Asks: 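So that we are looking at the same thing, I have put the structure below in structure tokens.
In what follows, every heavy atom counts, from backbone to side chain, and hydrogens, waters and symmetry copies are set aside. Here is the naming used below: chain letters follow the sequence lines, and residue numbers restart at 1 for every chain. This one's a predicted model, so the numbers in the text were calculated from it and none came from an experiment.
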Amino acid sequence: MVTTDEKGPLTAKKKSVIIRSCDGDEFLVSESAAVLSTSLKKILEEKEDRLIHLSDIDNKTLAMVIAYLSTHADDGLSDDLKRSFDQEFVSGKEFDVLKYLVLATDTLQVTCLCYTVAKKMADIMKNKLVEWVRREFDIQNDYTPEAEAEIRRLDAWAWDDRQLEDD
Amino acid sequence: MVNQVWKRRRMMVSNSMDMDKISNLPQPILHHILSFLSQKEAVQTCVLSKSWRYVWSARPAIDFLEDFFNGNTKHSATIDAPNILVFNYEGNISTSICFRTTSSKWKSNIFLRNYADFEYHASSWFHKLSELLKSLSQSVISLKLIQDCRIFRQIEDPPDINIYGGFDKALVIEHLSLRGHYSSSSFKAFLNCLFRVCRPRNISQCWYLDAHNDWQRKEEKLIEFLVEILLIERDMRQHFWRQDLEEVSMDENGHEWHPGEGIKFRFRLKWRELS
């Protein structure tokens with residue numbers, strides 16, 4: 001597990017930003033980490049505001065995003081370490097957690113994390129039968145059996161030679 | 001007050017989202033997620049429910065499977081894909097592709113297989129590979145090759161360098177995965193030809209496709225060949241590309257850098273800036 005290298009108390013040189021979640025909690029983030037988010041970067045460029053209020057990201061999600069940003073802003077870490085941090089970051093997380101993460105990264109425009117999380121969500125769906133996906137994500141099938149059969153017939157090639165597990 | 005309104009709105013959003021864990025995500029995010037699935041799997045989502053009927057159709061990914069075009073005499077394709085993220089290509093490079101996009105960050109995964117008659121058509125194969133790579137040169141390219149190269153010999157040292165794109169025009173690609181039958185000399189000859197066309201930043205063995213059992217034993221050799229060619233041999237005359245190669249390093253058992261694909265080793269190559 002990668003930990004960020006704390007370089008003692010923040011000096012005046014190292015600028016930081018306060019980010020407030022929709023739950024009202026505040027997080028202190030170094031500016032170098034914050035600007036990895038394109039949205040935050042824009043806000044910081046437009047006004048010298050050191051307090052940014054994010055009205056649609058909750059504590060838990062924001063804390064995760066900030067941990068990610070701080071790790072990636074750490075110049076002392078190699079690209080390989082960052083990559084393995086990314087893998088560990090999404091592994092074992094529930095789909096709901098990933099969903100809020102992907103929404104947050106979309107809002108904050110953190111392209112790399114958005115990519116990693118979306119890929120992880122796709123990995124969860126990969127090699128699964130339609131019935132599994134419906135059950136797992138509580139999707140209500142509002143097709144009539146006839147309508148569904150008709151659609152399957154239209155794109156029959158997509159259901160050819162399948163050997164998927166319904167686990 | 002403002003906060004209360006926000007919280008209420010948020011609760012409504014999360015409540016409606018809890019009814020269904022995925023459908024209410026914004027469309028662009030769903031498209032992004034589906035871009036990591038194969039075309040087949042993406043299309044299958046159309047029967048999940050009515051709201052999923054056409055979601056897949058806007059995913060920013062294209063699977064170009066040449067088999068689909070079998071029997072079609074037209075051997076060129078123009079692909080207009082302004083927002084593409086992923087382009088997957090599988091086939092025998094008999095179709096020439098013209099790619100148009102405004103996307104700045106996209107990936108191409110090219111998967112090619114060559115069996116018994118590789119020796120026979122190798123020269124045109126390298127030529128077509130070069131054309132394909134050039135048409136995708138705006139993307140981050142991963143090239144996966146499964147070859148039977150046991151009898152492959154160096155194509156006569158090169159009568160017309162332009163056939164292969166030339167030294168100075170070799171394209172730097174991100175990843176090269178190899179698997180197949182090689183002998184020591186055929187592998188050297190093959191890499192020599194391949195490096196005329198492209199210069200990979202990473203080389204590894206693709207390991208995750210099932211094939212005949214006896215392949216595995218023979219492929220143990222692949223790593224030895226690579227070590228020999230990339231790390232030990234220093235003969236400039238044999239390997240013209242040596243002068244462009246600044247640094248080579250090797251990691252073993254690097255699962256963390258390419259998880260899930262069971263790759264056993266990776267060579268990292270640093271090429272001199274090609275002008």
Asks: Counting only non-hydrogen atoms closer than 4.5 Å, does A/Asn141 touch chain B with its backbone (N, CA, C, O), its side chain (CB onward), both, or neither?
Replies: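 Its backbone and side chain both get close to chain B.
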Asks: Answer yes or no for A/Lys93 and A/Phe95: cation-pi contact, defined as NZ/CZ to six-membered ring centre under 6.0 Å and angle to ring axis within 45°.
Replies: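 No; the conditions do not both hold, so A/Lys93 does not lie above the ring face of A/Phe95.
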Asks: Heavy-atom pairs under 4.5 Å with chain B are the metric here; pick the option from A/Lys119, A/Met125, A/Glu136 that has the most.
Replies: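 With the most close heavy-atom pairs to chain B, the winner is A/Lys119.
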Asks: For A/Leu154, is it the side chain, the backbone, both or neither that has a heavy atom under 4.5 Å from a heavy atom of chain B?
Replies: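 For A/Leu154, the contact with chain B is made by the side chain alone.
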Asks: Determine the option with the most heavy-atom pairs under 4.5 angstrom with chain A, choosing from B/Pro26, B/Ala42, B/Cys46, B/Ser38.
Replies: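 Ranked by heavy-atom pairs under 4.5 Å with chain A, first place is B/Cys46.
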Asks: Is it true that A/Arg83 and A/Asp86 have a side-chain N and a carboxylate O under 4.0 angstrom from each other?
Replies: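 Looking at A/Arg83 and A/Asp86, the cut-off is not met.
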Asks: For B/Ile29, is it the side chain, the backbone, both, or neither that has a heavy atom closer than 4.5 Å to a heavy atom of chain A?
Replies: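 Side chain of B/Ile29 only, per the 4.5 Å heavy-atom cut-off to chain A.
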Asks: Taking the six-membered ring for Trp, are the ring centroids of B/Phe111 and B/Tyr89 within less than 6.0 Å of each other?
Replies: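 Aromatic pair excluded; centres sit 6.0 Å or further apart.
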Asks: Do side-chain atoms of A/Ser37 reach the backbone of A/Gln109 as a donor and acceptor pair under 3.5 angstrom?
Replies: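 Not a single qualifying donor-acceptor pair exists.
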Asks: Could you tell me whether A/Lys42 and A/Glu46 have a side-chain N and a carboxylate O separated by less than 4.0 Å?
Replies: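 Judged by the 4.0 Å cut-off on N to carboxylate O distance, A/Lys42 and A/Glu46 do not form a salt bridge.
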Asks: Could you look at A/Asp106 and say if it's the side chain, the backbone, both or neither that has a heavy atom under 4.5 Å from chain B?
Replies: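 The side chain, not the backbone.
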